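Let me begin by presenting the structure, written as structure tokens, before commenting on it.
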There are 2 protein chains.
Amino acid sequence: MVPTRVSTREAVLAAVRLFTAEGFDSTTMDGIAEATGVSRRSLFRRFGSKEDLLFAEHDELFETVVRYMEASPERPMATVVAAARLVFQGYVRDPEITVPRYRLVRAHPRLRDREVAMTARYQAAFSRYLSQHAGGDRPSLEVEVVAAAVIAAHNHVLRGWLRGPEDGRVWERFDGAMARVAGLAAPLLDGDDVPEAGPERVLVAVYPRGIATSDLLRRVSDAVARDD
Amino acid sequence: MVPTRVSTREAVLAAVRLFTAEGFDSTTMDGIAEATGVSRRSLFRRFGSKEDLLFAEHDELFETVVRYMEASPERPMATVVAAARLVFQGYVRDPEITVPRYRLVRAHPRLRDREVAMTARYQAAFSRYLSQHAGGDRPSLEVEVVAAAVIAAHNHVLRGWLRGPEDGRVWERFDGAMARVAGLAAPLLDGDDVPEAGPERVLVAVYPRGIATSDLLRRVSDAVARDD
DNA sequence: CTTACCCTGGCACTGAATGCCACAACCAGG
DNA sequence: CCTGGTTGTGGCATTCAGTGCCAGGGTAAG
């Protein structure tokens, strides 16, 4: 095993500094190679592309999170929330990278897309995990909505922190948001799809003529849910 | 106004065909230029990049959807659901592009990221719209979760359709999923639904106990549609 | 007709990204 | 010690996406 010349973190840090100083587009891989002391060729080999370099340590975190979930076969929803916590911690613990990167991301649509892809990967991983532990072959609508909600809540709190990293109440905000989402998720992940045989029921709905069909369906959905 | 040499749709269609035949990476912009009869330079000017070319008509749809929402100041949640319906329709109505593109997207991580960025744009637009109509300066946690849920439900049904476009029940599935999400959203969002005055109608439905909620919603939807 | 505008195409150039090859460091087992 | 396999590394050449610049041509307004 040949040890790598520089750690991932060192390379990312150097890249973030250069991007911030000179702008993302103006910074060349030659420049980064010179700054890190690693050849241009090796940078491409290890990190794939200039954009990927900026998110390299985040990719490593993703691997960690996936392994964590795979090792947690019980209480799926709690595991997903804990996984989201790991991700959040990945940001909060390393503001030296994540905060300036957030500024770059906001200014650069291309980098923004790259970060969005990152969170989508988490969302897909959460969906897959929840689906497997519900015994489904493909993620159900409910599972995907829950995963999306967890990610949305995570990102909501995260963006707040990234705008003002001095905030001391981040973790309370995070746990509060997750509790809110978990409360939503519980009824979604439990009942619903157990079509048991039995006598018929009657639904009577009174509603204004001209109501949007989607609104009516929502009301019916609520009524049925209350009745179950 | 000088008319454009080829329509966006023609260009996208040509690109999709080339990508499918030769592979995305092996297809050069020179090749696309030759196939469309437009110079390489003009392709870059109009579509930005090789990836963007593949999603060009989708970008136009996005503009349409945003304008639609801006023109709908009432009943925000119903508007968002209708907007999602527009997006869904954009896919279903043009399988010649969307279905082969889906295959490309599944095979190419880079293209997948690009598509994810697309849906993220919708999600952000939905959040912004809901937030404005709730009188907030920034989207609240609730608003962002609802937007994420709508997008997740949309994508869930969409992926099902993309895997098997011959499915005749897509719209029922879509409306069922949206009704489910709208049911979730109602308690999350505050003053969104003021039941308007007007003559009322009565719906009586008889159905087996234990029926899947989505099935029930579909039946109700059909009945209302017949009655309108 | 003339002016302004805008879409178009050609050309040259930068730089990201990849394939190929050689080299150096480490780790077996003989 | 050395020998072969593995793995990270650097140099070199090449392809091609993407951009800036400029020139032509067609359209609409004055």
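Lettering of chains follows the sequences in order, A, B, ..., and the numbering in each one begins at 1. Just so you know, these numbers come straight off a predicted model, no measurement behind them.
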Less than 4.0 angstrom between a side-chain N/O of [X] and OP1 or OP2 of [N], yes or no?
| X | N | answer |
| --- | --- | --- |
| A:Ser42 | D:dG10 | yes |
| A:Ser49 | C:dA16 | no |
| B:Arg40 | C:dC11 | no |

Take atom [atom1] of [X] and atom [atom2] of [N], then tell me their distance rounded to the nearest Å.
| X | N | atom1 | atom2 | result |
| --- | --- | --- | --- | --- |
| B:Phe44 | C:dC7 | CZ | P | 19 Å |
| A:His108 | D:dG18 | NE2 | P | 13 Å |
| A:Arg46 | D:dG10 | CZ | C1' | 14 Å |
| B:Phe47 | D:dA17 | CZ | C1' | 16 Å |
| B:Met29 | C:dG9 | CE | C1' | 14 Å |
| B:Phe19 | D:dC16 | CZ | P | 14 Å |
| A:Lys50 | C:dG15 | NZ | P | 9 Å |
| B:Leu43 | D:dA17 | CG | P | 11 Å |

Heavy-atom donor-acceptor pair, B:Arg45 side-chain to D:dG18 base, under 3.5 Å: no

Check: A:Arg41 side chain, D:dG8 base, donor-acceptor under 3.5 Å: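 Side chain to base: no pair below 3.5 Å.
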
Inspect the contact between [Y] and [X] and indicate whether a charged nitrogen and a carboxylate oxygen are less than 4.0 angstrom apart.
| X | Y | answer |
| --- | --- | --- |
| A:Arg46 | A:Asp52 | no |
| B:Glu115 | B:Arg110 | no |
| B:Asp167 | B:Arg159 | no |
| B:Arg40 | B:Glu34 | no |

Nucleotide of C:dG15, D:dA17, C:dT8 approaching A:Thr28 most closely (side-chain heavy atoms):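 Nearest nucleotide to the side chain: C:dG15.
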
Touch class at under 4.0 angstrom, heavy-atom based, for B:Ser26 against every strand present: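 Answer is nothing: B:Ser26 stays at 4.0 Å or more from every strand.
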
Geometric class of the A:Phe174/A:Trp171 ring pair [parallel <30°, tilted 30-60°, perpendicular >60°]: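 Rings of A:Trp171 and A:Phe174: perpendicular, over 60°.
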
